Amino acid sequence: MTMKKILMALLSAITISPAMASNNVAPWGWATCSDEVGTTYTLNGGNFSDASTITLTARGGGQTDDAQIKQAIAKNDIIIFDGANGDFTIGETMKLSSTKNKTIIGINNARLCTKFFLTDEDNAYLAQQNLDGLSSTDQYTGTLPDGTTLTCDKRAFFTKKAVMELQYQKTGSYSLPNRSGIFHIETSSENIIIRNLSLIGPGAVDIDGADLITNQGKHVWIDHCTFADSQDGALDSKVCDWATYTYNHFYYTKRSYSHAYTCGCGWVSPDGAMVLHLTFANNIWGAGCMRRLPQADNCFIHLVNNYHNCPGNSVGMTINKYSRALVEGNYAAAGVNKPLDGSGTNRNVTAKDNSFSATSVGNEVIMPYPYTKIPATDVPAVLTGNEGAGATLGNDATYILSTIPVVSRGGATSTTLYYFVDGLVGTNSDGLSIVEFPDGATLLLNKSDKAWSNGTSIVADDEKYTSLKVSNGAENIFTAPDGKLVSSITFYSYINVKEENIDFTKYPEYGFRTSFWKKVGNLTFTATSDDVQILKSRDPENPDIATFKITPANIVSFTNTGEQVCFVMKVTYTEGATGVSTVRNSRPADNAYYTLQGVRVANPTKGIYIQNGRKVVIK
């Protein structure tokens with residue numbers, strides 16, 4: 001054989017061999033746009049050149065992992081879930097509030113699993129109630145076993161009633177475990193990446209429950225994740241914007257009872273008030289998926305190269321009112337009902353190059369960003385092959401992060417962290433009460449004859465946190481981790497006065513002494529200050545909320561006056577080097593004193609200083 005023929009044979013073999021291209025893609029789609037003409041938004045998910053990274057393993061032994069996950073996300077840029085120690089257990093949906101610039105990935109088959117789940121016996125009991133024969137549209141008003149009066153559709157009401165009865169059999173309480181999800185990304189969150197994770201829910205059941213992920217954030221990319229047995233939606237997009245969902249696998253098992261509705265998008269009120277920009281590409285809707293594959297209203301949505309392999313479903317992709325949709329290159333397996341459907345006014349749907357017949361509606365819809373599309377006939381093989389849909393990117397964190405843009409941190413950025421004190425109160429070498437937080441922050445009670453204790457849990461932004469009872473009038477000193485400056489503190493607090501001690505004769509205005517935060521950082525207040533906030537609430541479920549924007553500092557002291565208060569606090573940091581941080585790390589040999597702002601003091605008087613990298617108090 002001549003050299004030319006050998007070369008041609010090799011070229012022929014290369015041509016006919018199946019492509020082995022990696023599906024470890026970079027962020028793209030609407031998540032990487034900042035407007036409808038496609039202006040680029042750099043979606044890096046906190047993948048900074050100096051990014052802080054933490055690797056988590058499951059606690060095991062029946063313990064939940066919520067607390068360690070919340071702390072890890074709050075203080076790190078990149079969070080790696082390592083499944084080597086087994087599944088992570090999630091007690092209830094974790095809210096990501098004011099969470100920005102974060103990448104969350106999984107390795108070693110990392111699975112985040114809800115603690116509550118439906119058993120075979122539960123599903124058998126539900127089946128006996130003939131719930132499927134009840135209307136899902138007719139409204140019904142009744143009283144649940146816990147005494148709650150509720151109006152909803154008839155099927156949902158009696159499903160909730162049956163689940164409450166099941167919980168009573170197990171726990172002795174008529175509870176409704178409807179917070180059995182994983183993440184709720186709130187509207188204040190932005191630039192979030194979630195990749196290569198398996199999210200395992202409790203089983204679908206119609207109790208107005210939690211989604212595995214609810215996305216209300218901006219510029220969110222969720223890629224190569226597995227979503228199984230969601231209680232309500234698997235991945236719902238509600239008043240979010242600029243999101244891309246790629247290479248995800250949605251499915252349900254026999255754990256699920258009903259309401260296997262995977263991806264609802266929109267629900268904006270009033271219609272036309274907001275448009276969600278969403279890209280769904282290269283996803284599989286597999287076994288058990290019934291509806292919302294996805295379903296959209298009030299959306300500008302791109303559906304490309306998705307695989308619907310859920311024969312016997314009710315309806316597939318559903319484009320409803322006030323939406324613009326480009327639906328192209330999608331593949332529906334045999335037995336999939338209504339691959340593309342929809343109704344309502346103000347609809348523009350362009351359908352082309354799909355494996356099924358579909359009619360376009362209204363004006364042509366195009367996308368402003370670049371993308372690559374494969375033929376619909378190739379979709380099943382690509383999405384079920386190497387690095388196909390689901391958590392298929394392997395166990396190398398470096399590889400999973402390799403396609404995400406690395407950027408300089410640049411100017412100062414803000415991060416927010418809730419500080420709660422469950423089980424963390426101790427004493428230091430001077431006998432002072434101290435709380436040492438996992439991220440390196442501390443809170444010190446600067447009074448030797450007083451001690452802290454825990455109060456009733458306080459509701460802060462819909463989450464419960466264990467509170468701390470302050471020593472009335474004593475100085476509390478919060479020290480941020482190295483390199484961080486506190487720019488604001490929000491206190492959630494209640495007055496610790498019992499009902500029998502309320503005395504309007506002695507204290508005619510409130511029934512107790514006038515209470516307020518007297519000093520916070522560089523701010524001071526009196527009872528008559530124009531901007532003072534008087535603390536009045538005695539209800540931990542509805543605390544007083546007081547926010548103080550202060551001159552950024554590494555160490556912030558605060559005191560209260562009046563009655564004893566119980567509180568938790570939310571700290572907002574401005575990232576960046578500080579004089580204090582430099583002094584604390586360098587440990588100068590001359591025993592010099594520095595103020596909390598990093599200014600050297602030759603002859604220190606009474607107060608708090610930094611010496612040899614440590615905080616000292618001169619009395």
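All of these numbers come straight from a predicted model, not from anything done at the bench.
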Problem set entry | salt bridge (charged side-chain N to carboxylate O under 4.0 Å, His left out) against Glu190, all qualifying residues, sequence neighbours excluded | none

Exercise. Between His259 and Asp232, do the side chains contain an N or O donor and an N or O acceptor separated by less than 3.5 Å?
Worked result: yes

Exercise. Taking only residues two or more places apart in sequence, or in another chain, which ones meet Asp208 in a salt bridge (charged side-chain N to carboxylate O under 4.0 Å, His left out)?
Worked result: Lys160

For this session: Give a yes or no on whether a salt bridge exists between Arg409 and Asp50, defined as a side-chain N under 4.0 angstrom from a carboxylate O.
Result: yes

Exercise. With no hydrogens and no angle check, do the side chains of Ser52 and Asp77 hold a donor and an acceptor under 3.5 Å apart?
Worked result: yes

For this session: Could you pull out all residues at least two apart from Thr119 that satisfy side-chain hydrogen bond (donor to acceptor under 3.5 Å, both in side chains)?
Result: Glu121, Asp122

Problem set entry | Thr93: partners by side-chain hydrogen bond (donor to acceptor under 3.5 Å, both in side chains), with sequence neighbours left out | none

Problem set entry | Under the side-chain hydrogen bond (donor to acceptor under 3.5 Å, both in side chains) test, residues paired with Trp242 that sit two or more places apart | none

Exercise. Mind checking what makes side chain to side chain contact (heavy atoms under 4.5 Å, CB included) contact with Lys469, not counting sequence neighbours?
Worked result: Ser453, Asn496, Gln564, Cys566

Exercise. What residues form a ring pair (Phe, Tyr, Trp, His ring centres under 6.0 Å) with Tyr494, not counting sequence neighbours?
Worked result: none

Exercise. Will you find, in the side chains of Tyr492 and Ser467, an N or O donor that is under 3.5 Å from an N or O acceptor?
Worked result: no

Exercise. Does Thr524 have any side chain to side chain contact (heavy atoms under 4.5 Å, CB included) partners at least two apart in sequence or in another chain, and if so, which?
Worked result: Lys519

Exercise. Is the Phe567 ring parallel, tilted or perpendicular to the Phe491 ring (thresholds 30°, 60°)?
Worked result: perpendicular

For this session: State which residue, out of Leu43, Ile222, Thr99, fulfils the side chain to side chain contact (heavy atoms under 4.5 Å, CB included) condition with Ile192.
Result: Thr99

For this session: Report the relative orientation of the aromatic rings in Phe280 and Tyr245; use parallel for angles under 30°, tilted for 30 to 60°, perpendicular for over 60°.
Result: perpendicular

Exercise. Between the side chains of Thr253 and Asp229, is a donor N or O closer than 3.5 angstrom to an acceptor N or O?
Worked result: yes

Exercise. Looking only at heavy atoms, what is the nearest atom pair of Ala210 and Gly181, with distance?
Worked result: CB-N, 3.6 Å

For this session: Could you pull out all residues at least two apart from Asn472 that satisfy side chain to side chain contact (heavy atoms under 4.5 Å, CB included)?
Result: Arg513, Asn560

Exercise. How close do Leu197 and Leu112 get, heavy atom to heavy atom, and via which atoms?
Worked result: CD2-CD1, 3.8 Å

Exercise. Thr244: what forms a side-chain hydrogen bond (donor to acceptor under 3.5 Å, both in side chains) with it, not counting sequence neighbours?
Worked result: none

For this session: Could you walk me through whether Lys218 and Asp241 pass the salt bridge (charged side-chain N to carboxylate O under 4.0 Å, His left out) test, one step at a time?
Result: CA-CA 5 Å; Lys218 292 180 175 61; Asp241 210 356; over 6 Å; no

For this session: Return yes if a side-chain donor-acceptor contact under 3.5 Å exists between Thr226 and Tyr251, otherwise no.
Result: no

Problem set entry | Pairs meeting criterion ring pair (Phe, Tyr, Trp, His ring centres under 6.0 Å) with involvement of residues 57-86, two or more places apart | Phe81-Phe88

Exercise. Taking atom types as modelled and ignoring hydrogens, do the side chains of Asp223 and Thr246 form a donor-acceptor contact shorter than 3.5 angstrom?
Worked result: yes

For this session: For Ser173, enumerate each residue passing the side chain to side chain contact (heavy atoms under 4.5 Å, CB included) test, keeping only those at least two apart in sequence or located in another chain.
Result: Thr171, Ser175

